[in-house]
Amino acid sequence: MAAIFQGLGAAAALSPSNCFDSNKLHLHSRRSLSGRKASFFVVRSDGSVNFASNSRGHKAQQLITNAVATKAENSAASTKAGHELLLFEALREGLEEEMDRDPHVCVMGEDVGHYGGSYKVTRGLATKYGDLRVLDTPIAENSFTGMGIGAAMTGLRPIVEGMNMGFLLLAFNQISNNCGMLHYTSGGQFTIPIVIRGPGGVGRQLGAEHSQRLESYFQSIPGIQMVACSTPYNAKGLMKAAIRSENPVILFEHVLLYNLKERIPDEEYICNLEEAEMVRPGEHVTILTYSRMRYHVMQAAKTLVNKGYDPEVIDIRSLKPFDLYTIGNSIKKTHRVLIVEECMRTGGIVCLSSQDVPTPYAGTLEEWTVVQPAQIVTAVEQLCQ
Amino acid sequence: MSSSPSSARWPSCAGWRSPPIPSTRRNSSVDSATCTTARKLWPIGMEAAITKKDCIITAYRDHCTFLGRGGTLLQVFSELMGRKDGCSKGKGGSMHFYKKDANFYGGHGIVGAQVPLGCGLAFAQKYSKDETVTFALYGDGAANQGQLFEALNISALWDLPAILVCENNHYGMGTAEWRAAKSPSYYKRGDYVPGLKVDGMDALAVKQACKFAKEHALKNGPIILEMDTYRYHGHSMSDPGSTYRTRDEISGVRQERDPIERVRKLILSHDLATEKELKDIEKEIRKEVDEAIAQAKESPMPDPSELFTNVYAKGYGAEKGEEGGAPGGEKGQRLQMNLCHGDITAPDCKEWLGPWGNH
């Protein structure tokens, strides 16, 4: 999931006036968004930044690349009541509550049952719910994901665990064609209330094939929702919401975040699947991030604050669809966007693109799924106003 | 003449003698009205042995299966023409027929992928203790897909009531079975799962086999059935069907093994109906088919707004107000708005920046 808001204005040609300079920041006038040359940078997880230092000698801060498991600063749930737990326990709590609530919920995956889950998310559940609700599968991602989808068509609510997100590439056909498209191609007859979850991201020397980030691979599949959790609070909330959703949801967890500790409420709560989280309100620049990079950003934010900047940090949480409401309001305020993500550079969303729908059969509808010349002309005219 | 509902269905498949409906499609090489002929009678034999609570799932050659599950001719033809009255509202097409209320789960383009789905259906049936079974159909071409063996393994491990049915018409589009499968005895490939080979051109044999398979699957777990059939026409509109086999072969099968002729002979020899009565039934069915085609042609194209419907179901988050999080209303519109990159009825891109762009 790469550079997203290129369409906000002409691609940022970085000039000294656009660089971070605390004296000049408040002087930028508030013109309309479409006419504005919004400045943005994209920072990769290896710390490199597309940025040019200005004549005042202000240098880009090299982002710290080693993981730091810090407590979320602006956790919406920091009350004195509540209980403390680790992120994987929060996931388990959410899962257990939903399994108690709805007998249609079941879990399937490799080593989720007797072993307790490779990251302990499902520990204890097999003993409690039995072998028919917590199912150990052989190593056969393509087929057990397909079976989960087939079961979901009848009304069951399976949660399919990929032991590592990278393994789910083997089930890409099932996820893309059956999961994403069946609601559409059946004319609305079937919904697929499945949750596909698992840890991804770069861990600690797990090797290339166990360190994959699949967000951009799944992003263009029409019909699925994607969310990424980053704190115990939103992990539990998103897990519960994903299970209750009628749509197929892919829940991205991160290998290095499972041991984050936080105090979460005792009462039942759910996080909205399509909402972004305002981590730190600010005025000068909007920083969009998700999952593990949130913590890198917050660390950088500390340094930025010491230097006199006021960054607004948003954990977008919902990767598909984006919470354009929160993000848009933020950008309207700051006129600067920095995107910090762990995903690879290529691939992503440009503002003018094919419609996010499976290609329908009827010829006239099919024509409208792709960008037509008239739309392109109008968009360019608007940008150049 | 027997008046059971399934036998009244048999002649309607005779209507499919006529060549596939010409183009409703622009790209005919992907056509898979797939010349549904082959006088596909054996799904009707299957229907005679099971109930509508049992599930059926198949690949793209789903038209007769859909009819067998209770679909109407109008729904079929409308869908083939991409019209509103189609069974999938014109958005699925030839390869995506579904009928949820009759437990017909489609209708799938990527062959082989429907078999794990079918085993998932069987899992749900076991989960709900339904005492019903799932028939997961695939062809001799798809029989070489790995996910089939994966799903069979899991079904056998979990004792699922799954019946895998290989519809062997001896050709995977243009590739004969002996060129694609080292062992073309598809019913034997289950290894630890038993299999039966059935004459797929004999509807009554199919009925008996399916009855047996259902009883077996409910007690012992998965079983494989291989239906020995034949495809007269080419795979699709762009396949003449004669480049990889001889015309003699085709006409030979038509003369000796045609399923409808076999049933006709049985009916006549047992004096269940006269020649004239059968001809009248056929005439009536043809009329029905012609009427349905005419009606389908009258059916309107889907509304432009249908482009964006049914991508997502209204689920948790898009509309929610009660628990946690933000109320619905303005934010609740977000999901739908994010999908729409433009106003497609007029070439006016005012909406393209999304909900915050109109300044």
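Numbers restart at 1 for each chain; the letters A, B, ... are given by sequence-line order, proteins then strands.
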| said: Per the salt bridge (charged side-chain N to carboxylate O under 4.0 Å, His left out) rule, what does the pair list look like for residues 168-191 of chain A, sequence neighbours excluded? | reply: none
| Any residue meeting side-chain hydrogen bond (donor to acceptor under 3.5 Å, both in side chains) with B/Ser299, in chain and number order, not counting sequence neighbours | B/Asp85
| query | Out of curiosity, A/Ile149 CD1 to B/Leu121 CG, how far, rounded to the nearest 0.5 Å? | reply | 11.5 Å
| request: State, with a plain yes or no, whether a side-chain heavy atom of B/Phe123 is found less than 4.5 Å away from one of A/Cys106. | output: yes
| field | Heavy-atom closest pair, residues A/Pro138 and B/Leu157 | value | CG-CD1, 3.9 Å
| Approximate separation, where rounding is to 0.5 Å, of B/Lys91 NZ and A/Met181 CE | 13.0 Å
| field | Pair A/Asp131-B/Trp158, side-chain contact (heavy atoms from CB on, under 4.5 Å): steps then yes or no | value | CA-CA 10 Å; A/Asp131 280 343; B/Trp158 296 352; over 6 Å; no
| field | Chi angles and distances behind the side-chain contact (heavy atoms from CB on, under 4.5 Å) call for A/Met147, B/Leu117 | value | CA-CA 5 Å; A/Met147 286 176 72; B/Leu117 288 184; over 6 Å; no
| request: Locate the shortest heavy-atom distance separating A/Gly187 from B/Lys89; write the atom from each residue and the value. | output: O-CE, 3.0 Å
| task | Just give me the residue among A/Ala152, A/Ala151, A/Ser186, A/Ala140 that pairs up with chain B most often, heavy atom to heavy atom, under 4.5 Å. | result | A/Ser186
| request: Quick one: closest heavy-atom pair of B/Lys126 and A/Leu132, and the distance? | output: O-CD2, 4.5 Å
| message | Quick check on B/Leu148 against chain A: is it the side chain, the backbone, both or neither that has a heavy atom closer than 4.5 Å? | response | neither
| field | B/Tyr98 to A/Gln189 - nearest heavy-atom pair and separation | value | O-NE2, 3.1 Å
| field | Listed partners of B/Phe149 passing ring-ring contact (aromatic ring centres under 6.0 Å, His included), at least two apart | value | none
| said: Restricting to non-hydrogen atoms, name the atom on B/Ala313 and the atom on A/Glu246 that form the minimum distance, rounded to 0.1 Å. | reply: CB-CB, 3.8 Å
| In terms of heavy-atom proximity below 4.5 Å to chain B, should A/Asn177 be classed as side chain, backbone, both, or neither? | side chain
| Quick one: what part of A/Leu182 sits under 4.5 Å from any heavy atom of chain B, side chain, backbone, both or neither? | side chain
| Within the side chain of A/Tyr184, is there an N or O that forms a donor-acceptor pair under 3.5 Å with the backbone of B/Leu307? | yes
| query | When rounded to the nearest 0.5 angstrom, what is the spacing between CD1 in B/Ile154 and OG1 in A/Thr137? | reply | 6.0 Å
| message | Using a 4.5 angstrom heavy-atom cutoff, name the option from B/Ile110, B/Asp101, B/Asn153, B/Asn103 with the most pairs to chain A. | response | B/Ile110
| query | In Å, rounded to the nearest 0.5 Å, how long is the span from CD of A/Glu141 to CD of B/Gln147? | reply | 12.5 Å
| message | Out of B/Ala151, B/Ala113, B/Cys119, return the one with the most heavy atom pairs under 4.5 angstrom to chain A. | response | B/Ala113
| said: Donor-acceptor check, side chain of B/Tyr312 to backbone of A/Asn247, threshold 3.5 angstrom: yes or no? | reply: no
| task | State the CG-CD distance between A/Asn178 and B/Gln114, to the nearest 0.5 angstrom. | result | 9.0 Å
| Do any of residues 153-160 of chain A have a heavy atom less than 4.5 Å from a heavy atom of chain B, and if so, which, in residue order? | A/Met153, A/Thr154, A/Leu156
| field | Top contributor to chain A contacts, counting heavy-atom pairs under 4.5 Å, from B/Gly106, B/Ala124, B/Gly112, B/Pro116 | value | B/Pro116
| query | Most heavy-atom pairs under 4.5 angstrom with chain B, which of A/Ile139, A/Thr191, A/Asn173, A/Thr145? | reply | A/Asn173
| note | Nearest heavy-atom approach of A/Pro103 to B/Tyr127 is O-OH, 2.7 Å
